[in-house]
Each structure stands twice: as structure tokens, then as C-alpha cells.
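Below is one structure, written out as C-alpha cells, with a few remarks after it.
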2 protein chains.
Amino acid sequence: MTNSPTTKKPRKETSSRDAELTKGRILDAAEDEFAKAGLLGARTEAIAANTKVTKAMIYYYFEDKEKLYQAVLERAFARRVSAIQKLDLAGTPPAQALRLVVESFLDEVSQHPNLSAILFYEAMQNKGRFYKDIAIATLYEPIENIIARGIEVGAFRQVDPRHSAVNIMGACVFYFCARENVKHLWEPGTDLLSPEMVKQHVTEAADFVLAGLRK
Amino acid sequence: MTNSPTTKKPRKETSSRDAELTKGRILDAAEDEFAKAGLLGARTEAIAANTKVTKAMIYYYFEDKEKLYQAVLERAFARRVSAIQKLDLAGTPPAQALRLVVESFLDEVSQHPNLSAILFYEAMQNKGRFYKDIAIATLYEPIENIIARGIEVGAFRQVDPRHSAVNIMGACVFYFCARENVKHLWEPGTDLLSPEMVKQHVTEAADFVLAGLRK
DNA sequence: GTCTATAACCTGATAGAC
DNA sequence: GTCTATCAGGTTATAGAC
């Protein structure tokens with residue numbers, strides 16, 4: 001908002017003093033911490049430790065822990081919303097449309113694995129207190145609608161679209177959420193977020209979902 | 001261990017003073033609390049509040065919060081182990097066997113919805129620090145083996161058994177874990193743990209899984 | 001076995017100097 | 001904008017009476 005011509009000028013290089021940078025760093029560290037521990041378990045001290053500034057800065061920029069949490073959710077959902085808006089779901093045949101949403105969602109989760117964990121914590125501990133409506137609108141309803149359409153057209157089995165949408169989400173995100181646990185199923189040292197592993201999961205999950213509904 | 005003949009005699013009815021009863025109550029309350037908040041977020045105070053005894057009893061019987069958590073996990077897994085041992089998986093054709101494990105697992109989760117939440121928290125927060133091995137042996141490996149067999153026999157598609165096992169677990173438990181959030185998809189006041197809703201989920205999930213693998 | 005009281009510590013949040 | 005210091009309240013865990 002300041003129009004001062006000095007705004008863009010790099011300041012002393014000694015100690016970084018940049019509002020946007022600091023704010024961004026806090027958001028990044030907070031996203032990590034909330035993904036690991038949820039709103040309840042997250043520690044502001046731990047967030048600060050992964051930042052190049054002190055704990056006091058969290059309160060300076062975000063007022064309190066809960067507001068910071070909401071800011072993290074907002075940023076994460078902004079990505080989700082813009083991703084889903086790019087898809088022309090209504091104009092695509094159901095089977096293809098379903099693959100589109102699932103793959104779009106999985107691609108995003110692959111690039112931001114924190115999202116699925118945060119969503120899950122939010123659903124489990126906070127009962128969707130903060131993001132309920134937007135989550136339903138961007139995650140479940142699009143899938144539910146496609147399934148309903150697919151049944152009408154005779155492309156999908158006679159399932160309950162709502163239950164199916166929920167189960168599909170589960171099949172998609174579980175891998176990411178539980179990765180630090182299920183990784184023990186694979187050879188020691190296997191990174192479940194490596195490009196190859198992620199690619200395989202996306203393929204497997206999308207195929208699984210499509211096969212599960214197809215008539 | 002005490003052989004005293006007075007052991008079974010009911011004591012004064014005034015103030016219940018029964019070791020096993022108290023221990024059981026603490027375990028029950030703890031299971032609820034850990035399912036809601038995870039090891040990290042759980043409050044011993046909250047556990048005590050849902051017991052008819054005080055917080056001090058938790059430490060008297062279980063030493064500390066982490067030991068109590070482990071006791072809860074052990075009890076929950078004992079149920080899982082005994083349930084899976086009752087099934088004759090090796091002697092049953094793959095498709096049927098898979099339906100058997102999935103339904104057995106879902107039935108148990110239906111009756112003890114806490115299990116799925118605890119498993120999930122354990123996987124996410126604690127990275128399976130406490131129950132990793134037994135979880136793999138009782139949850140993932142049986143499914144993985146059936147899938148591998150089903151592919152050999154030509155009953156299932158050519159999938160990766162390991163990835164599929166993980167995705168199947170996700171499709172099964174997500175409904176229970178996220179119930180307080182996804183319930184907003186249904187009419188207000190809908191109880192996702194009601195017998196009808198649970199029955200529908202079990203049917204939908206089992207069908208979905210089978211259809212997703214069948215050739 | 002169960003309680004009350006409290007110690008010891010942790011964590012969110014703020015004040016005030018720079 | 002950033003830091004250090006610190007407070008207030010919450011939380012685990014224990015001591016000791018009954």
C-alpha cells in the first residue's frame with residue numbers, strides 16, 4: 001500500500017527486514033507444523049524455530065495461533081479453488097471428468113503434501129470448524145455431481161454418490177497422510193514422496209477409483 | 001493373582017473401590033480422548049473427567065500418559081488380531097477372501113469407531129512409533145497377500161498389491177475418521193454412526209473395493 | 001485405592017527496548 | 001520489524017493424607 005519509491009530498494013543486507021518475506025516464512029513453517037501436529041498439537045515455538053525470526057513475530061503478523069492457522073488454511077484452499085476452476089467438468093463425459101478431478105486433486109496434493117494432512121486434522125480434531133463449507137464445495141460436491149451424472153448416463157454402477165465421494169477422497173489422501181507409517185511396507189529408506197512413488201500412487205489411485213465405479 | 005477368598009466379595013457399596021473396574025474405566029475414557037485429540041492433544045484432565053475417579057488414578061495405574069496411550073493401543077489391537085485370526089483367508093478364493101477381510105475390518109471399526117481415529121493419529125503424529133509392526137501384520141499384509149494371489153489367479157486387475165492395500169484402507173476408514181466433518185454433506189442431524197448409515201457405508205465400501213480390483 | 005494439594009514445567013501471548 | 005524478557009495460565013506428574 002505504501003507508494004514510497006524506496007519500498008523496492010533492498011535494505012541493509014545485514015539483518016533481513018522484509019515484511020512479506022517474514023510473513024511468508026512463518027506461513028511455510030506453520031503449514032509444516034500444523035500438518036504434523038494439527039491445530040491442537042502444533043507449538044508456536046516449533047514454528048518459530050523453523051523460521052529465521054522469533055516467536056514474537058508470529059503474534060505481530062497473525063495476532064494469535066488460531067488466526068495463523070486460518071491463514072494457513074486459506075492459502076492452501078486458494079490453491080485448491082483455482083485448480084478446480086480450471087477444469088471444465090460439466091462439459092466432459094463422467095468417466096473422463098472423474099479422472100480429471102481425481103488427478104488434479106492428487107497432483108496438487110503431491111506438490112503440497114501438507115494439504116492432505118491439514119485437511120485431515122481439520123476434519124478430525126476441529127470437525128471442520130474452519131473450512132467446512134469451502135471443503136465441501138471444492139472437494140466433495142464436484143465428485144458427487146459427476147458420479148450422479150455418470151449413473152444417470154449409465155456409465156457408472158448404481159452407487160450412492162455421496163458415500164462414494166467420501167470413499168474416493170479416503171483412497172486418494174490416505175497414502176499421503178499415513179506415509180510416515182505405511183512407508184514401512186516398502187524397502188527401508190523408500191521415500192513415499194519421491195516422484196516415482198507419487199506417480200505410481202496417482203496412477204493406482206485414479207485407476208482404482210475409475211474401476212470401482214465403472215459398470 | 002490373589003487367591004484370597006474375599007476377592008470376589010462385593011465391598012462396601014458407598015464408594016466403589018475396585019481396581020479392575022477403575023482401570024477399565026480409565027482405558028475407556030482414554031480411548032475416547034485419544035481418538036478425539038491424539039497422543040499429543042489429549043489431556044489427562046479430560047480423561048479423568050470422564051471417569052468416576054481422579055486424575056491421580058491414571059498415574060497410579062498407568063505410570064504416565066504415554067504408557068496409558070500404549071495400553072489403549074494394545075487393547076484395541078488385541079481385538080483386531082483376534083478378529084483376523086478367525087478368518088480362513090488362505091483357504092478362500094481371492095475375491096471372496098478380500099470381501100471377508102474388508103467386511104470384518106469394517107464391522108469392527110463400526111463397533112469401535114475409536115479404532116480408526118487412533119490408528120490414524122498414530123500414523124500421522126507418531127509415525128507409527130508404537131504400533132507399526134502389528135499394524136502392518138494385521139491390516140496391510142493380509143490384504144496385500146490376497147491381492148497378489150488374486151492377480152496370479154487372474155481374478156484381479158494387474159495392480160500393485162501394496163499401493164492397493166493402502167488405498168483400500170483409506171477408502172474404508174476415511175468415513176469414520178472424518179465423520180464429524182463430512183456429515184455436513186448429509187441432512188442436518190444425520191448421525192454417521194447410526195446402524196443404517198454404517199451399514200450403507202460398509203456395503204458401499206466393500207463393493208467399491210471389490211469392483212476396483214476385479215478384472 | 002482414592003483423594004486433595006501442589007510442585008515443576010510448558011506454552012501462548014505481551015511489553016518494551018532497539 | 002525484530003528482539004529479549006517475562007507473565008499468566010494450563011498441564012503433566014507426584015507427595016502425602018485418608
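Bear in mind the structure is a predicted one, so any value in this text is a computation, not a measurement. Proteins come first, then strands; the chains are lettered A, B, ... in the order of their sequence lines, and each starts at number 1.
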Q | Mutual orientation of the aromatic rings belonging to Phe120(A) and Phe120(B) [parallel < 30°, tilted 30-60°, perpendicular > 60°] | A | parallel

Does [X] reach a base, just sugar-phosphate, or nothing at all? Heavy atoms under 4.0 Å.
X        : answer
Ala46(A) : nothing
Ala42(B) : sugar-phosphate
Lys67(B) : nothing
Lys52(B) : sugar-phosphate

Rounded to whole angstroms, how far apart are [atom1] on [X] and [atom2] on [N]?
X        : N       : atom1 : atom2 : value
Tyr60(A) : dA17(C) : OH    : P     : 17 Å
Phe34(B) : dT12(D) : CZ    : P     : 9 Å
Glu66(B) : dT12(D) : CD    : P     : 13 Å
Glu20(B) : dT2(C)  : CD    : P     : 11 Å
Leu21(A) : dG1(D)  : CG    : C1'   : 12 Å
Arg17(B) : dC18(D) : CZ    : P     : 14 Å
Lys55(A) : dA13(C) : NZ    : P     : 10 Å
Leu68(A) : dG12(C) : CG    : P     : 11 Å

[X] side chain near [N] phosphate (N/O to OP1/OP2, under 4.0 Å):
X        : N       : value
Arg43(A) : dC10(C) : no
Thr54(B) : dT2(C)  : no
Thr22(B) : dT2(C)  : yes
Thr44(B) : dT11(D) : no
Tyr61(A) : dT2(D)  : yes

Of the listed nucleotides ([options]), which one gets closest to any side-chain atom of [X]?
X        : options                  : value
Lys65(A) : dG1(D), dC3(C), dA13(C)  : dA13(C)
Tyr59(A) : dG1(D), dT4(C), dA13(C)  : dA13(C)
Ala56(A) : dA13(D), dT14(C), dT4(C) : dT14(C)
Ala19(A) : dC3(C), dT12(D), dG1(D)  : dG1(D)

Q: Could you walk me through whether Leu40(A) and Tyr121(A) pass side chain to side chain contact (heavy atoms under 4.5 Å, CB included), step by step?
A: CA-CA 9 Å; Leu40(A) 225 68; Tyr121(A) 270 120; over 6 Å; no

Q: Check Phe62(A) against Lys67(A) and note the closest heavy-atom contact, atom names and distance.
A: O-CB, 3.0 Å

Q: Identify the heavy atoms of Ser116(B) and Pro113(B) that sit nearest to each other, and give their distance.
A: OG-O, 3.1 Å

Q: Could you tell me whether the side chains of Tyr69(A) and Glu122(A) share a donor-acceptor contact shorter than 3.5 Å?
A: yes

Q. Given the side-chain rings of His163(A) and Tyr175(B), with only the six-membered ring counted for Trp, is the space between their centroids under 6.0 Å?
A. yes

